*Asks:* 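Once you've had a glance at the structure underneath, I'll fire off some questions.
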There are 2 protein chains.
Amino acid sequence: MAERYRCPVELTVDLLGGKWRTVILAYLKEGVHRYGELRRRLPGVSEKMLTQRLRELEADGLVARHDHHTVPPHVEYRLTDEGRSLAPVLQALYDWGTERAARSGTPIDDPVPRPDLR
Amino acid sequence: MAERYRCPVELTVDLLGGKWRTVILAYLKEGVHRYGELRRRLPGVSEKMLTQRLRELEADGLVARHDHHTVPPHVEYRLTDEGRSLAPVLQALYDWGTERAARSGTPIDDPVPRPDLR
DNA sequence: CAGTATCCGCGGAGATACTG
DNA sequence: CAGTATCTCCGCGGATACTG
């Protein structure tokens, strides 16, 4: 996210690479989420990493942050239009990953559980 | 490439992430290439990195290595069927990256120049 | 030609403690 | 609740030199 690219593919992978980015985007694709919700749904993520990734996704224009400025704090994250435009890409990655997992016998722990919208 | 995945998307990104993987695949999509050709076409890649990435892609079953066992050495790399099955994914990444580059004004140095097949 | 071998630095990532 | 602030470790990735 800083240098020059020789191929558009590099740019996309750069934006989606790393350990948590795509999973966060997958969750936000389902709807608006608060910081604490995301943290609970990403087992193993540290607060530092989650905050860092969210800030990066925000800087990249893929995620929008809404601070309600209340006490106690209430901050929501959602996809921007740009973030939503990634849907076909995420879908292609999802489909190929699913087939690959089946072919190779790699287990997938939990296929992106939905947030329970109540 | 070692742990468990919570989403098929993670698996795919894990396989395609990193600095050189997708570019190597993009070149091999055009046809068979020798080690030296690839090295010349990836400005800035070190021999260690190129070898390492090729070995990983081979271990992942995306690339096949053919050693002609001659002196001087002659080694060729090509996509496997599995590697070719990535075409739609690479295309989706390519398309989105192209649009994103246009929207954001990010320059793309050289949109994956073809190997000159003479 | 197609690689190994080795050394090294930077930044990603985790753990822990603290705050408006 | 939603974060900062540090400290630290580890491994990717680059540079350089050597080889069958």
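Naming convention: chains lettered A, B, ... in sequence-line order (proteins, then strands); numbering from 1 in each chain. Everything numeric in this text was worked out from a predicted model, so none of it was measured.
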*Asks:* Quick one: sort the A:His33 and A:Tyr27 rings into parallel, tilted or perpendicular, breaks at 30° and 60°.
*Replies:*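 Aromatic pair A:His33/A:Tyr27 classed perpendicular.
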*Asks:* Look at the side-chain N and O atoms of B:Arg34 and state whether any lies under 4.0 Å from the OP1 or OP2 oxygen of C:dG3.
*Replies:*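 Indeed not, no polar side-chain atom of B:Arg34 lies that close.
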*Asks:* Which nucleotide in the set D:dG3, C:dG3, C:dA2 lies at the smallest distance from any side-chain heavy atom of A:Thr51?
*Replies:*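 It is D:dG3.
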*Asks:* Contact class for A:Arg39 vs. all strands (heavy atom < 4.0 Å): base, sugar-phosphate, or nothing?
*Replies:*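 If one applies the 4.0 Å heavy-atom cut-off, A:Arg39 turns out to touch nothing in the nucleic acid.
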*Asks:* Roughly how many Å is it from CG in B:Leu42 to P in C:dG3, rounded to a whole number?
*Replies:*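 Rounded to the whole Å, the gap is 14 Å.
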*Asks:* Under the ring pair (Phe, Tyr, Trp, His ring centres under 6.0 Å) rule, collect the residues that match up with B:His74, sequence neighbours excluded.
*Replies:*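 Partners of B:His74 under the ring pair (Phe, Tyr, Trp, His ring centres under 6.0 Å) test: B:His68.
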*Asks:* Report the secondary structure of DNA chain D in dot-bracket form, marking unpaired bases with a dot and bases paired to a different strand with |, and treating Watson-Crick or G-U pairs with both distances under 3.5 Å as paired.
*Replies:* ||||||||||||||||||||
*Asks:* Rounding to an integer number of Å, can you tell me how far B:His68 NE2 sits from C:dA2 C1'?
*Replies:*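 Atom NE2 in B:His68 sits about 13 Å away from atom C1' in C:dA2.
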*Asks:* Among all residues two or more places apart in sequence or in another chain, which pass the side chain to side chain contact (heavy atoms under 4.5 Å, CB included) test with B:His69?
*Replies:*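 So B:His69 forms a side chain to side chain contact (heavy atoms under 4.5 Å, CB included) with B:Asp67.
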*Asks:* May I ask you to verify if any side-chain N or O of A:Tyr35 is less than 4.0 angstrom from the OP1 or OP2 atom of D:dT4?
*Replies:*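 Checking D:dT4 against A:Tyr35, no side-chain N or O comes under 4.0 Å of OP1 or OP2.
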*Asks:* Rounding to an integer number of Å, can you tell me how far A:Glu76 CD sits from D:dA2 C1'?
*Replies:*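 Whole-Å distance recorded here is 13 Å.
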*Asks:* Quick one: list whatever passes side chain to side chain contact (heavy atoms under 4.5 Å, CB included) with B:Ala64, sequence neighbours left out.
*Replies:*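 Side chain to side chain contact (heavy atoms under 4.5 Å, CB included) list for B:Ala64, sorted by chain: B:His66, B:Arg78, B:Thr80.
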*Asks:* Atom NE2 of A:His33 to atom C1' of D:dC1: distance rounded to whole Å?
*Replies:*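 Roughly 17 Å, once rounded to whole Å.
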*Asks:* Summarise protein proximity over nucleotides 13-20 of chain C in one line of letters, 5' to 3': B for base, S for sugar-phosphate only, - for none, counting protein heavy atoms closer than 4.0 Å.
*Replies:* BBB-B--B
*Asks:* In whole angstroms, how far is the C1' atom of D:dG3 from the NE2 atom of A:His69?
*Replies:*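 Rounded to whole Å, this separation is 14 Å.
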*Asks:* OP1 or OP2 of D:dG3 sitting under 4.0 Å from any side-chain N/O of A:Arg65?
*Replies:*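 So the side chain of A:Arg65 is within the cut-off, an N or O lying under 4.0 Å from OP1 or OP2 of D:dG3.
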*Asks:* Would you give the length of the straight line joining atom CZ of B:Arg39 to atom OG of B:Ser46, rounded to the nearest 0.5 angstrom?
*Replies:*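 B:Arg39 atom CZ to B:Ser46 atom OG measures 10.5 Å (nearest 0.5 Å).
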*Asks:* Look only at the side chain of A:Thr12 and the backbone of A:Pro8, and say whether a donor-acceptor pair between them is shorter than 3.5 Å.
*Replies:*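 Yes, A:Thr12 side chain to A:Pro8 backbone: donor-acceptor pair under 3.5 Å.
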*Asks:* Are the side chain of B:Arg65 and the backbone N or O of B:Glu58 linked by a donor-acceptor pair below 3.5 Å?
*Replies:*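 No.
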*Asks:* So, OP1 or OP2 of D:dA2: does either fall under 4.0 Å of a side-chain N or O from A:Arg40?
*Replies:*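 For D:dA2, neither OP1 nor OP2 has a side-chain N or O of A:Arg40 closer than 4.0 Å.
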*Asks:* Roughly how many Å is it from CZ in A:Arg55 to P in D:dA2, rounded to a whole number?
*Replies:*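 Spelled out: CZ on A:Arg55 to P on D:dA2 is 12 Å.
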*Asks:* If every non-hydrogen atom of B:Asp14 is compared with every non-hydrogen atom of B:Arg21, which pair is closest and at what distance?
*Replies:*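 Heavy atoms of B:Asp14 and B:Arg21 come nearest at O-NH2, 3.5 Å.
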*Asks:* What pairs with B:Val9 under side chain to side chain contact (heavy atoms under 4.5 Å, CB included), at least two apart in sequence or on another chain?
*Replies:*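 B:Val9: side chain to side chain contact (heavy atoms under 4.5 Å, CB included) contacts with A:Thr22, A:Leu90, A:Leu93, A:Tyr94, B:Cys7, B:Val13.
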*Asks:* Over how many whole Å does the gap from B:Glu56 atom CD to D:dG13 atom C1' extend?
*Replies:*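 After rounding, the gap between these two atoms is 11 Å.
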*Asks:* Rounded to whole Å, how long is the line connecting atom NE2 of B:His66 with atom C1' of C:dA2?
*Replies:*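 In whole Å, C:dA2 C1' lies 16 Å from B:His66 NE2.
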